[in-house]
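Below, each value reflects all heavy atoms present in this structure, side chains not excepted, and no hydrogens, waters or symmetry copies.
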Amino acid sequence: MSTVILTGLPVPGSPLTDELRSLGFDVRPATGPHDAAAVLAGVPADQRVAVVDGAFVGHVHALRLALTDPRFDACAVTGAFAVQPGARAALDEAAALAPDGEGPYADRLAAAVEAAGTTVQRPELGTLVAAVPATDAERTAADAAVAAVDDEAVRLRTAVKSRDGFFTTFFISPYSRYIARWCARRGLTPNQVTTASLITALIAAGCAATGERWGYVAAGVLLLVSFVLDCTDGQLARYSLQYSTMGAWLDATFDRAKEYSFYAGLALGAAKNGDDVWALALGAMILMTCRHVVDFSFNEANHDATANTSPTAALSDKLDSVGWTVWVRRMIILPIGERWAMIAVLTAATTPRIVFYALLVGCAFGALYTTAGRVLRSLTRKAKRTDRAAQALADLADSGPLAELAGRVVGRMAPGAGIAAAVIGSVALLWTAWAYEFGARQVIIAAVFYAVLAGAAVARPLKGALDWLVPPVFRAAEYTTVLILAVKADVPGALPAAFGLVAAVAYHHYDTVYRIRGGTGAPPHWLVRTIGGHEGRVLLTSVLASVLAARATDFPVALTAVAVFVAIVVLVESIRFWVSSGAPAVHDEGEPA
């Protein structure tokens with residue numbers, strides 16, 4: 001139970017007490033600061049507690065934003081201040097001092113807590129009202145301002161992401177927000193909606209796996225339904241402020257699980273019709289994952305950089321002032337809404353091979369467009385990368401013990417190697433894997449060379465202009481090596497096993513991204529060491545191919561065993577983290593690519 005301390009004399013006829021109770025608070029009156037401190041002392045330290053001025057006038061949703069958002073330890077609007085247990089000690093100290101001054105007591109408490117070093121979130125209210133009138137005339141004006149704005153309409157509008165793709169904005173959100181409200185009024189949680197979206201997508205993948213036209217049509221329809229639910233869960237979280245650590249984990253991982261499961265379903269369906277498209281399915285998954293890593297790495301490298309401007313960025317900002325260019329540039333990169341719509345329509349109307357061709361062409365164009373723009377920005381800006389950003393890039397690199405050893409040996413000889421070492425090692429590895437026959441020892445030599453250069457690449461802080469490309473280059477090298485070796489093996493089951501291995505490793509990389517985004521840092525180092533790091537897995541796969549060259553039919557079994565091991569280790573640790581009290585309650589506010 002949460003507690004709110006209502007300070008000051010109550011205003012006759014004010015609905016404030018009922019509004020606070022509707023938000024789940026136990027309301028306790030206090031006549032002044034000293035009385036409020038006494039009441040506060042009686043509230044258990046493990047409860048959310050709020051202080052609200054008895055003369056408060058405003059929208060219920062303004063109070064909801066200030067008092068119930070679980071993402072922030074302390075949050076305030078005019079006349080209302082709330083803290084979670086993490087900031088309770090700071091509130092107790094501020095209340096004990098009984099800060100003097102003008103203005104509502106809640107505001108003075110918030111200022112004192114903030115001055116003591118605790119961050120106080122102050123939500124953007126827009127047209128919502130939150131005020132503490134000092135006179136009858138001011139109160140009348142505030143009441144009129146409240147009556148002039150539809151609280152529920154604002155709540156519905158702000159339930160939609162502040163930045164979405166064209167398809168999502170104009171074809172999904174206009175009605176999915178009402179589905180979110182329907183769910184909220186029936187007590188459904190965002191996690192339940194997220195799970196329903198996953199189940200729907202898995203059923204869609206199962207329909208695609210039938211290889212029948214009715215199955216493809218049903219799969220396309222269900223995939224769109226899954227996407228509607230995928231939008232609804234986030235809107236429900238924002239509508240009702242039901243953010244949670246479990247929700248963050250589900251939201252961070254289920255989108256990829258749904259999309260890649262659908263790829264597998266298409267490949268299985270095509271196989272039933274005699275068309276082997278597993279290589280295309282794996283290629284599409286590799287392209288999408290590498291594209292996301294480019295996004296993540298660039299954002300992590302630059303979001304807190306100093307002097308972070310460039311002519312290219314200025315041109316982009318100028319184009320943003322021309323409305324239609326914003327939508328065009330969002331659509332051509334094929335974000336998740338447009339991409340899922342394309343997949344659904346092509347699945348229902350064409351064949352899996354055509355679906356994957358369209359995916360590869362569209363996503364390759366989007367990846368080239370966004371990466372080229374970011375490279376130009378990086379080369380033309382004079383940004384200074386922070387130590388935090390360099391550490392984030394090192395964590396995203398996913399280097400294991402072999403790269404660490406190589407870094408210690410050659411690091412002093414290769415200052416600032418960064419992206420150059422990563423590219424040289426990756427190109428040499430991929431060319432060797434492609435040029436030589438399956439199981440050739442030259443591939444093992446190339447894998448060792450790759451491990452050495454991978455160590456050199458991260459031996460020094462990744463603060464170069466293009467060093468944010470190091471993690472995506474490593475992802476492309478590792479995943480594509482697995483793809484090439486599976487193709488070269490030319491035995492049944494090799495490509496599906498490779499698909500499973502890349503999927504397991506990709507989950508680990510997405511998990512790393514969302515931990516860093518949540519401010520909790522990368523997964524523990526023992527986990528990276530246990531699964532070998534990217535260079536260790538490349539070397540292991542190359543050795544397995546060489547050892548099993550004479551009996552290539554065992555290669556799929558070996559890949560499957562590695563995939564199962566990686567998946568178990570990563571999932572157990574990931575689940576442990578995301579259900580722990582230390583996991584961040586975060587949700588994306590922009591549509592992922």
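- Inter-residue side-chain proximity for Val52 and Leu67 is flagged as met; some heavy-atom pair is nearer than 4.5 Å.
- The CZ atom of Arg515 sits 5.0 Å away from atom CZ of Phe577, with the distance rounded to the nearest 0.5 Å.
- Residues Asp92 and Arg88 are paired through a salt bridge, judged by an N-O separation under 4.0 Å between the basic side chain and the carboxylate.
- For residues 171-204, the set of pairs meeting the ring pair (Phe, Tyr, Trp, His ring centres under 6.0 Å) definition, not counting sequence neighbours, comprises Phe167-Phe171.
- Leu202 places none of its side-chain heavy atoms less than 4.5 Å from the side chain of Lys258.
- A donor and an acceptor atom, one from each side chain of Ser176 and Gln235, are located under 3.5 Å apart.
- Contact check on Glu152 versus Arg181 returns a salt bridge, with a Lys/Arg side-chain nitrogen under 4.0 Å from an Asp/Glu carboxylate oxygen.
- Counting heavy atoms from C-beta outward, Leu40 and Ile5 have side chains that approach closer than 4.5 Å.
- Checked against Thr194 for a side-chain hydrogen bond (donor to acceptor under 3.5 Å, both in side chains), the options Asp230, Thr232, Asp233 give a single hit: Asp233.
- Glu102 is not listed as a side-chain neighbour of Arg108, based on a closest heavy-atom distance of 4.5 Å or more.
- For an aromatic pair to be called close, the ring centres must be under 6.0 Å apart, and His509 with Phe296 fails this.
- Aromatic pair Tyr514/Tyr510: ring centres not closer than 6.0 Å.
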Kindly list each side-chain donor-acceptor pair under 3.5 angstrom involving residues 53-64, sequence neighbours excluded, with atom names and distances?
| from | atom 1 | to | atom 2 | distance (Å) |
| --- | --- | --- | --- | --- |
| Asp53 | OD1 | Ala55 | N | 2.8 |
| His59 | ND1 | Val129 | N | 3.0 |
| His59 | NE2 | Val146 | O | 3.0 |
| His59 | NE2 | Val149 | O | 3.1 |
| His61 | ND1 | Arg64 | NH1 | 2.9 |

* To do: Starting from the C-alpha separation in whole Å, work towards a yes-or-no answer on side-chain hydrogen bond (donor to acceptor under 3.5 Å, both in side chains) for Glu114 and Thr119.
  => CA-CA 6 Å; Glu114 194 165 34; Thr119 300; over 6 Å; no

